[in-house]
Amino acid sequence: PAPPHRGPGPAVAPVAGASAGMSADNGAGVAEDLEAPAWLLGRFPGLRPQDFQRCSLRKGPNGAGMDFEASELGYVVEAVEAEPGQDERLRPGRVVVAIDGVPLVGLDEDALSDTFGERFQDGAALLLADAEVLRKAAAGQRLDGTVLHVQLGQACGDELRSALARDLSTFAKRTGVDAELSGGTGRPATGVVLSGLRERIIGARPELSALLA
């Protein structure tokens, strides 16, 4: 495995904005449990929505005060310092599997660093899972499946997001590929997450490109 990295650093990237449903009662952005995205449950059969948690990242003048290790599952939290006061759920042994709705699972180390780093900022929305639970689930993951994040040309607000979500629902039924908007709940959508059989995703890309044009 790659050596641990201290965020933000060469192989660690920044995150943006908090997602809806977050509580600030402890001053660290503790989040309520929310339903995990379909692409993640589809990738790891047997996992339940309650196996995942959401929280927001805290990043102060001296950084996030955390050490991460790159893995095929995302960034594994190795250590957390007292400052700047991270969410209590963001602790050693947890894996950051998505940031601002963008998947980190299955990325090589360079792509993981770039994807995470581009979004690593105070308030970034993180999706977490227990590393051991995720590793056990990975043994039964769909080997014929894949996850792909397609960046939108520009972020879309609530009205356009609702219309695009309806179009993606129709697209998913027609192509047999799961399609979800990324970007975090209650925030502008920044991309589309496709998940399913690799050949179906490849075949559906032209239609998605036309839909997003």
Side-chain angles (χ1 to χ4, degrees), residues 2-37 39-40 52-71 73-105 107 109-131 134 149 151-158 161 180-193:
H5 298 285
R6 176 171 298 276
V12 181
V15 188
S19 57
M22 296 193 179
S23 156
D25 49 81
N26 72 345
V30 175
E32 299 174 3
D33 290 337
L34 300 175
E35 185 174 341
W39 65 263
L40 195 52
F52 302 93
Q53 295 175 322
R54 297 183 191 273
C55 72
S56 56
L57 179 75
R58 298 201 96 183
K59 182 171 178 283
N62 298 317
M66 293 189 294
D67 288 339
F68 298 95
E69 182 177 6
S71 80
L73 301 175
Y75 268 123
V76 181
V77 180
E78 295 282 289
V80 181
E81 298 177 357
E83 296 296 331
Q86 296 296 344
D87 188 309
E88 62 185 14
R89 302 180 190 193
L90 191 57
R91 57 180 181 265
R94 293 295 174 91
V95 184
V96 182
V97 296
I99 181 168
D100 279 348
V102 179
L104 301 177
V105 177
L107 300 181
E109 189 167 349
D110 287 341
L112 178 62
S113 173
D114 291 343
T115 301
F116 193 56
E118 290 167 1
R119 298 164 178 82
F120 191 84
Q121 63 187 31
D122 189 54
L126 306 181
L127 180 62
L128 310 172
D130 180 87
L134 205 56
H149 181 259
Q151 191 79 20
L152 295 177
Q154 60 182 26
C156 58
D158 291 344
R161 182 184 184 122
E180 301 176 89
L181 289 170
S182 64
T185 305
R187 300 166 57 201
T190 58
V192 176
V193 180

Are E83 and N62 close enough that some pair of their side-chain heavy atoms sits under 4.5 Å apart? no
Can you name the nearest heavy-atom pair linking A64 to P84, along with the distance? O-CD, 3.2 Å
Distance-only, no hydrogens or angles: does the Q121 side chain make a donor-acceptor pair with backbone N or O of K59 under 3.5 Å? no
Side-chain donor or acceptor of D100 paired with backbone N/O of V102 under 3.5 Å: no
What distance do L126 atom CG and L104 atom CG have between them, rounded to the nearest 0.5 Å? 9.0 Å
To the nearest 0.5 Å, how far apart are CG in D110 and OG1 in T115? 10.5 Å
What pair of heavy atoms forms the shortest contact from C156 to L152, and how long is it? SG-CD1, 4.1 Å
Using modelled atom types and a 3.5 Å cut-off, is there a donor and acceptor pairing between side-chain atoms of S182 and backbone atoms of G191? yes
d(R58 CZ, D122 CG) to nearest 0.5 Å is 7.0 Å
What closest approach, in Å, do V80 and V77 show between heavy atoms, and which atom pair accounts for it? CG2-CG1, 3.6 Å
Check L112 against G74 and note the closest heavy-atom contact, atom names and distance. CD2-O, 3.9 Å
Could you tell me the separation between the CG atom of L90 and the CZ atom of R54, rounded to the nearest 0.5 Å? 14.5 Å
At their closest point, which heavy atom of D87 faces which heavy atom of C55, and how far apart are they? OD2-CB, 3.0 Å
When rounded to the nearest 0.5 angstrom, what is the spacing between CZ in R94 and CG in D130? 6.0 Å
Hey, could you give me the CG/CZ distance between L128 and R89, rounded to the nearest 0.5 Å? 9.0 Å
Minimal heavy-atom distance between V76 and S71, with the atoms involved, is CG2-OG, 3.7 Å
Ignoring hydrogens and angles, tell me if any N or O in the side chain of Q86 forms a donor-acceptor pair with the backbone of L57 under 3.5 Å. no
